[in-house]
Structures are given as structure tokens and as C-alpha cells.
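Below is one structure, written out as C-alpha cells, with a few remarks after it.
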Amino acid sequence: MKCAKIICVWMGSKRSLSNNCLTSEIIDEVIDLETNLDKGYPTDTIFVINKCGIPELDNYLDKFNNKKTHNGVIKIIQRSNIGLSFGAYLETYHKLKKEYDYWFFCEDDVIIYKDNYIKMFIENLSEDTSFVALSPISEHIKPHCGGGCGLTSTYFMSKVYPDEELPSILDKWGLCKGYDGGIWESEFTSKFKLANCKNISPLASNWRFHSSQRNHASHNIQINYIYKVGKRI
């Protein structure tokens with residue numbers, strides 16, 4: 001039994017919203033945590049590079065390919081920036097679904113720093129929770145979690161995204177490129193039975209700097225934070 005943690009990486013410029021920062025400013029911290037943190041479960045970290053067209057940035061992580069981590073290895077994949085993170089998640093699952101039993105999807109500015117979280121999220125999966133969301137669950141458009149970040153299994157993925165439907169879904173998602181692909185954020189997790197992981201906060205430790213998270217703060221503040229978004233604590 002093995003988990004794949006998919007981190008979608010965009011090394012180009014970003015919109016100046018909330019606590020956004022260049023991925024190049026935090027990627028070394030991400031690499032260090034992915035290498036040394038004990039996730040509590042056999043896990044490969046797969047960095048999926050949505051290419052920005054600048055070779056020195058797109059190829060920055062190549063030197064870490066096949067690097068051993070506490071729980072597995074690092075793998076590097078490059079693709080066109082189609083469908084943003086959500087296209088990267090689904091395409092990588094489609095290619096590697098026979099190799100892994102669980103999938104943790106994550107964006108490059110979401111930095112998880114508490115150990116054993118993969119184990120905890122797997123323990124929260126059930127017939128009533130087919131996707132354990134890392135961030136607060138939003139009801140905007142459709143119930144979904146921010147960034148599509150969280151964990152599910154190959155079993156549940158195959159129910160929501162059957163093999164025979166995956167190519168056409170990816171083709172549809174491919175019609176939107178760049179920031180237009182953000183429309184698939186609500187689509188990606190809306191078909192799952194969503195719940196947050198018990199006994200930890202769905203908010204980032206620096207939620208005060210993020211307008212989307214502040215909307216959920218009144219009923220989600222807990223002490224047990226496990227991640228931050230961007231640079232600020």
C-alpha cells in the first residue's frame with residue numbers, strides 16, 4: 001500500500017492576492033519538508049511542473065528527481081499549464097493510478113509541516129468521507145475545498161472519475177488554459193463526500209492573511225494547525 005502526494009508547481013509570476021509569493025521563494029522549504037518529514041505512511045512526492053516557459057525555472061526541480069525521502073522518493077513530471085492544478089492532479093492520477101492506493105493533492109504554496117498527516121488523513125477516509133479536505137469546505141458554486149487539496153483513494157477516484165470517462169474529462173478541462181482553468185477548482189472535489197480531518201484545524205496557521213480563509217474563521221479556529229500558505233506564519 002502506497003500514497004502519492006501530488007504537488008502542482010507553477011514557477012512563473014502569480015497574481016498579487018492575499019499572501020501570494022513566488023514559488024521560487026518557498027520551494028526549498030517545501031523540498032526540505034518533503035524530504036525529511038515523517039508522513040506516517042509510505043509516500044512518494046510527485047512534483048508536477050506546469051511549465052511557465054522559462055527553462056531555468058521549469059527545470060529547477062530536476063536535480064531532486066529520484067531523491068530518497070523519509071517515506072519514499074521524489075519524482076518530477078513536466079506538463080503544459082492546462083487546467084491549472086486541477087488538470088495536473090487528474091492527468092497525473094490518470095497516468096499513475098495503477099501504482100498507488102492513495103492520493104494527496106496539494107498546491108505549491110501549501111506547506112504542511114506536521115508529521116504523520118498522511119496516516120491521519122487515510123484514517124479519516126470512510127464510505128461517508130471519500131475525500132478528506134485539508135482546507136475549509138466552501139459552498140460557493142458547489143461544495144468543494146480550496147485548491148483541491150486533500151486526500152482520497154484510488155478506489156474513490158475510480159468511482160468519481162471512471163477510466164472510460166477520464167480522457168473526455170481531461171479534453172474538456174484542456175479547453176481552458178492559464179487562469180481560466182480555475183473554473184475546475186469547484187468541479188474537482190464536488191463529486192466526493194467531503195469532510196475535514198478530525199482533531200486538526202482546516203485553516204492555515206496564517207489564515208488571517210487570506211481572505212478566502214477568513215470567511216471560515218468564525219467556526220473553524222482551532223489550536224492544532226498543520227499547514228501554512230505562502231511565507232508568513
Side-chain angles (χ1 to χ4, degrees), residues 1-9 29-48 69-75 85-86 88-90 92-93 96-97 99-138 143-161 185-186 188-207 212-213 216 219-229:
M1 304 290 280
K2 202 170 188 180
C3 179
K5 181 178 179 182
I6 309 301
I7 302 178
C8 181
V9 176
E29 180 182 7
V30 174
I31 289 289
D32 180 66
L33 285 166
E34 291 304 316
T35 300
N36 298 306
L37 191 70
D38 183 0
K39 301 177 181 68
Y41 196 85
T43 303
D44 290 340
T45 300
I46 305 174
F47 289 96
V48 182
T69 69
H70 190 92
N71 303 102
V73 298
I74 289 173
K75 299 180 181 181
S85 301
F86 322 105
Y89 297 158
L90 201 56
T92 306
Y93 163 75
L96 302 178
K97 60 183 179 290
E99 298 182 28
Y100 297 97
D101 305 285
Y102 299 99
W103 302 82
F104 193 104
F105 301 106
C106 196
E107 297 195 304
D108 57 9
D109 61 348
V110 176
I111 302 174
I112 304 175
Y113 50 78
K114 293 285 189 178
D115 58 11
N116 289 316
Y117 67 91
I118 294 292
K119 179 177 181 290
M120 286 191 296
F121 275 62
I122 289 174
E123 290 172 348
N124 275 255
L125 277 178
S126 69
E127 288 298 329
D128 295 323
T129 303
S130 55
F131 192 101
V132 184
L134 176 66
S135 59
I137 297 168
S138 172
H144 68 281
C145 60
C149 300
L151 181 138
T152 187
S153 67
T154 301
Y155 170 77
F156 288 127
M157 281 291 288
S158 68
K159 298 293 185 183
V160 172
Y161 294 107
E185 178 174 25
S186 59
F188 179 65
T189 54
S190 65
K191 298 177 183 179
F192 293 94
K193 296 177 182 177
L194 296 169
N196 290 119
C197 192
K198 296 175 182 177
N199 302 318
I200 63 173
S201 178
L203 293 172
S205 56
N206 55 352
W207 60 267
S212 62
Q213 292 220 342
H216 299 274
H219 59 282
N220 275 320
I221 295 177
Q222 297 179 30
I223 294 175
N224 193 11
Y225 299 112
I226 71 166
Y227 74 102
K228 63 178 180 177
V229 180

Ring pair (Phe, Tyr, Trp, His ring centres under 6.0 Å) between Y102 and Y41, worked out:
CA-CA 10 Å; Y102 299 99; Y41 196 85; 5.7 Å; yes
Where C149 and C106 come nearest, the two heavy atoms and their spacing:
SG-CA, 3.9 Å
Considering only heavy atoms from C-beta outward, does the side chain of M1 approach that of P42 to under 4.5 Å?
no
Grab the two heavy atoms, one from A88 and one from C8, that are nearest each other, plus how far apart they are.
CB-SG, 3.7 Å
Closest heavy-atom contact between K97 and W103?
CA-CZ2, 3.6 Å
Can you tell me how far apart CD (E185) and OG (S85) are? Round to the nearest 0.5 Å.
8.5 Å
Pair Y117-L134, side chain to side chain contact (heavy atoms under 4.5 Å, CB included): steps then yes or no:
CA-CA 10 Å; Y117 67 91; L134 176 66; over 6 Å; no
Less than 4.5 Å apart, any side-chain heavy atom of L203 and any of Y225?
yes
If I compare all heavy atoms of L96 with all of I46, which pair ends up nearest, and what's the gap?
CD1-CD1, 3.6 Å
Crowded around K75 NZ? As in, over 12 foreign heavy atoms under 6.0 Å?
yes
Measuring from N116:CG to N71:CG, what's the distance to the nearest 0.5 Å?
8.5 Å
Roughly how far, to the nearest 0.5 Å, is the NE2 atom of H144 from the CD1 atom of I137?
10.5 Å
Tell me whether K2 at atom NZ has more than 12 heavy atoms from other residues, nucleotides or ligands lying less than 6.0 Å away.
yes
Would you say the side-chain atoms of Y227 pair up with the backbone N or O of K114, donor to acceptor, closer than 3.5 Å?
no
Heavy-atom closest pair, residues V30 and I111
CG2-CG1, 3.9 Å
So among F86, F192, Y89, Y93, which one has a ring pair (Phe, Tyr, Trp, His ring centres under 6.0 Å) with F105?
Y89
Does L37 offer a backbone N or O that forms a donor-acceptor pair with the side chain of Y113 under 3.5 Å?
no
Taking atom CG of L194 and atom OG of S130, what is their separation to the nearest 0.5 Å?
7.0 Å
Side chain of D128, backbone of K193: donor and acceptor closer than 3.5 Å?
no
Per the side-chain contact (heavy atoms from CB on, under 4.5 Å) rule, which among D101, L151, D44 passes with C3?
L151
Could you check if a side-chain atom of E34 sits within less than 4.5 angstrom of a side-chain atom of I7, using non-hydrogen atoms only?
yes
Could you please spell out the steps behind the side chain to side chain contact (heavy atoms under 4.5 Å, CB included) verdict for K191 and K159?
CA-CA 10 Å; K191 298 177 183 179; K159 298 293 185 183; over 6 Å; no
Say whether, by atom type as modelled, one donor and one acceptor occur between the side chain of T154 and the main chain of Y100 under 3.5 angstrom.
yes
Determine whether a donor-acceptor pair (N or O, by modelled atom type, separation under 3.5 Å) exists between the side chain of N124 and the backbone of T129.
no
Rounded distance [0.5 Å steps], CD1 in I122 versus SG in C197
10.5 Å
Looking at F104, I'd like to know if the NZ or CZ of K5 sits under 6.0 Å from its six-membered ring centre while staying within 45 degrees of the ring's axis.
yes
Rounding to 0.5 Å, atoms CG (N196) and CZ (F131) come to a distance of 10.5 Å
